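Everything below concerns the one structure shown next.
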Amino acid sequence: MVHSIDVAKIVVQEIGLGVDSIVAAMLHNVYYQDQNSKDIEARFGKSVTSILEGMAKINALGTDTVELHSENYRNLMMALAGDVRVILVKIADRLQVMRHLESQADSVITKISNETSHLYAPLAHRLGLYYINSKLLDLCLKYQNPDAFNTVDIRLKETDR
């Protein structure tokens, strides 16, 4: 539940999306488990259901070769989404995951960081979410190359003085 609330906060505060996207952010984990789109549509409307269905399609993509074919994956994600709000909520979801990745196993950290740097950060940039792109790339660096991240962090703190 905390994850969904955090994603909804990102959707509102950092991306600025509307009610349907907020509701989809709150329901995205429930939808993946239940996937009863008729009930969701009856309670929350076609727009919310459409966003959730688009996110489910994206989640079904295998990303084993994302490093080799990242542009193809990004294009496929955009095509599967149909509605840009699907991608925006998915980016919010990924930002929340990256902010809390330290508790995961090393293999999960590597997989998520690679997907983020090759798919989600470039999509955020392409959609004009430059701040979120920067945050995603910073978090990728933190997990992929901690020494470089710490060096940059120290230098940035020195310039703040």
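Computed from a predicted structure; not experimentally measured. For the numbers below, each heavy atom of this structure counts, side chains included, while hydrogens, waters and symmetry mates do not.
In this structure His100 satisfies the ring pair (Phe, Tyr, Trp, His ring centres under 6.0 Å) test with no other residue, sequence neighbours excluded.
In terms of heavy atoms, Ile91 sits closest to Leu136 at CG2-CD1, 4.4 Å. Closest approach of Thr49 and Gly45 over heavy atoms only: OG1-O, 2.9 Å. Of all heavy-atom pairs between Leu52 and Ala24, the closest is CD2-O, 3.4 Å. Closest heavy-atom contact between Val86 and Ser50: CG2-O, 4.3 Å. For the residue pair Ala121 and Asn133, the shortest heavy atom distance occurs at O-OD1, 2.8 Å. Nearest approach of Val48 to Phe44, heavy atoms of both residues: CG2-O, 3.6 Å.
When side chains are defined from C-beta on, Leu95 counts as touching Lys135, because their heavy atoms get closer than 4.5 Å. Proximity of Val152 to Asp138: side-chain heavy atoms (C-beta onward) are nowhere separated by under 4.5 Å. When side chains are defined from C-beta on, Val89 counts as touching Val11, because their heavy atoms get closer than 4.5 Å. Residues His28 and His3 form a side-chain contact, since some pair of their non-hydrogen atoms from C-beta on lies under 4.5 Å apart.
To the nearest 0.5 angstrom, Asp93 atom CG is 7.0 Å from Asn29 atom CG. Expressed to the nearest 0.5 Å, how far CG of Leu139 lies from OG1 of Thr116 amounts to 8.5 Å. The structure places CG of Asp6 at 10.0 Å from CD of Gln13, a figure rounded to the nearest 0.5 Å. Atom CG of Asn114 and atom CD of Gln144 lie 5.0 Å apart (nearest 0.5 Å). Separating the CD1 atom in Ile132 from the CG atom in Leu88 is a distance of 8.5 Å, to the nearest 0.5 Å.
Ile5 and Met98 fall into different hydrophobic clusters, where Ile, Leu, Val, Met, Phe, Trp and Tyr side chains are chained together by heavy-atom contacts under 4.5 Å. Following chains of ILVMFWY side-chain contacts shorter than 4.5 Å, one cannot reach Leu129 starting from Leu137, and the two form parts of different hydrophobic clusters. Hydrophobic clustering (ILVMFWY, side-chain heavy atoms < 4.5 Å, transitive): Val12 and Ile10 are in one cluster. Residue Leu141 is not grouped with residue Leu123 when hydrophobic side chains (ILVMFWY) are merged at heavy-atom distances under 4.5 angstrom, including chains of intermediate members.
At a threshold of 4.0 Å, the pair Asp153-Lys157 counts as salt-bridged, since one of the basic side-chain nitrogens sits closer than that to a carboxylate oxygen. Salt bridge present: Arg94 and Glu115 bring a charged side-chain N and a carboxylate O closer than 4.0 Å.
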(request) Walk me through it: do Val23 and Ile51 pass the test side-chain contact (heavy atoms from CB on, under 4.5 Å)? (result) CA-CA 10 Å; Val23 172; Ile51 294 169; over 6 Å; no
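Here the side chain of Ser113 pairs a donor or acceptor atom with the backbone of Ile109 at under 3.5 angstrom.
Heavy atoms from other residues, nucleotides or ligands lying under 6.0 Å from CZ of Arg99 number more than 12.
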